[in-house]
Amino acid sequence: MPLLLCHSPKGGTGTSFIAAHLAMHLASQGHDVVALDFTYQDSLKLFFGLLPAQPLAEFHGSHGSALAVSGVEIFSAHQLAHEPAFIAALQAGRSPFDDGKVYVADVAAGDRNTRDLLLPHAHLRVCTLLPHPISLAALTKVQAGKPTVELSNTAFILNQLDDTHRFSRHAHIFLRELLGDALIGTVRRDEAVNEAAAMFEPISKYAPASAALSDMRAVAKAIAGRADIAQATDQLS
Ligand SMILES: Nc1ncnc2c1ncn2[C@@H]1O[C@H](COP(=O)(O)OP(=O)(O)O)[C@@H](O)[C@H]1O
Ligand SMILES: [Mg+2]
């Protein structure tokens, strides 16, 4: 630890976008950050400005050599999530994330096995929602069998907020009432996110004054505070 587990019960909400920016923000604050892409889609790297064809090293503990972008070591971890030794170690309570680095894990919406494997080791789960009825309907699936409002250690982000749309405004009000402080922040809908990815550039380079980037920085700061990253890394290093 600290492991920040980015997972949403609904795909396409911006989990990879948030994970990448969380990692970059923490690196900019001087932390040693490792971003682990547990998805088969392999799209986390696109938010760092990498090309789709750019291969990533597989994560096998923190000793391997990784590609570093914006101060973040980026690994693929899709294979790892299926390795019996890794699964057994995590299930036995042994964590490969206890080395003072900050790990940001991007886990696909449908991959409940990996979510459940990592969750007991996570400092904080980060769940991204959209102001869409389909995303809100999936709230009950964040952790089956447990009411969303009772989830400890979970921070929610409302992404792609657009105050010019009535449903978006109402969804924000609803979530604020439902989740209270667990709704850690909002990120505005901003075409610069897609344009930057299309240009294979990080948004900080493509559109440094963009609304999404400024919102994302505020959200990342709030998450770092909630997860007490500074204290957690001090204890471990
Ligand atoms: N704040 C935003 N404004 C506009 N587009 C966004 C924003 N956040 C994410 N996107 C776009 O939404 C799509 C899904 O994002 P992604 O992070 O891949 O979702 P997930 O990992 O949840 O499947 C991508 O095309 C991404 O560029
Ligand atoms: Mg994704």
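Ligands are counted one by one from 1 in listed order, and the atoms in each one are counted from 1 as well. Residue numbers run from 1 in the order of the sequence given.
The single protein non-hydrogen atom nearest to atom 10 (N) of ligand 1 is Gln160 NE2, 3.4 Å, given as residue, atom name and distance. The protein heavy-atom contact nearest to atom 3 (N) of ligand 1 is Asp190 N, 2.9 Å. The closest protein non-hydrogen atom to atom 16 (P) of ligand 1 is Gly14 CA, 3.7 Å. Regarding atom 26 (C) of ligand 1, its nearest protein heavy-atom neighbour is Asn194 OD1, 3.4 Å.
The number of heavy-atom neighbours closer than 6.0 Å to CZ of Phe200, taken from other residues, nucleotides and ligands shown, is above 12. In the displayed structure, Arg189 atom CZ is contacted under 6.0 Å by at most 12 heavy atoms of other residues, nucleotides or ligands.
Ring pair Phe97/Phe59 is parallel by interplanar angle, where below 30° counts as parallel and above 60° as perpendicular. Between His21 and Phe17, the angle of the ring planes lies from 30° to 60°, which puts this pair in the tilted group.
Tested against Leu22, the residues Val219, Ile223, Ile157 include a single side-chain contact (heavy atoms from CB on, under 4.5 Å) partner, Ile223. The one candidate from Leu178, Leu175, Leu130 that meets the side-chain contact (heavy atoms from CB on, under 4.5 Å) condition with Leu136 is Leu175.
Of the N and O atoms on the side chains of Asp106 and Ser16, at least one donor lies less than 3.5 Å from an acceptor on the other residue.
Any N or O atom pair closer than 3.5 Å counts here, and Arg189 shares no such pair with ligand 1. Between Gly12 and ligand 1, at least one N/O pair is under 3.5 Å apart. Considering backbone and side-chain N/O of Phe17, one or more are found under 3.5 Å from N/O of ligand 1. In terms of N/O distances under 3.5 Å, ligand 1 is not approached by Asp106. In terms of N/O distances under 3.5 Å, ligand 1 is approached by Arg188.
With hydrogens and angles disregarded, a donor-acceptor distance shorter than 3.5 Å links the side chain of Thr154 to the backbone of Ser152. In terms of modelled atom types and a separation under 3.5 Å, the side chain of His121 and the main chain of Leu90 share a donor-acceptor contact.
Within ligand 1, the atoms closer than 4.0 Å to a non-hydrogen atom of Ser16 are 17 (O), 21 (O), numbered from 1 in the order shown. Taking every heavy atom of Thr13 and a limit of under 4.0 angstrom, the matching atoms of ligand 1 come to 19 (O), 20 (P), 22 (O).
When distances to the Mg ion (ligand 2) are checked against a cut-off of 2.8 Å, Ser16 contributes an N, O or S atom below that limit.
Atom 13 (C) of ligand 1 is never approached by the protein to below 4.0 angstrom, counting heavy atoms only.
Contacts between Asn159 and ligand 1 below 4.0 angstrom, taking non-hydrogen atoms only, involve the side chain exclusively.
A heavy-atom separation below 4.0 Å is not found between Glu191 and ligand 1.
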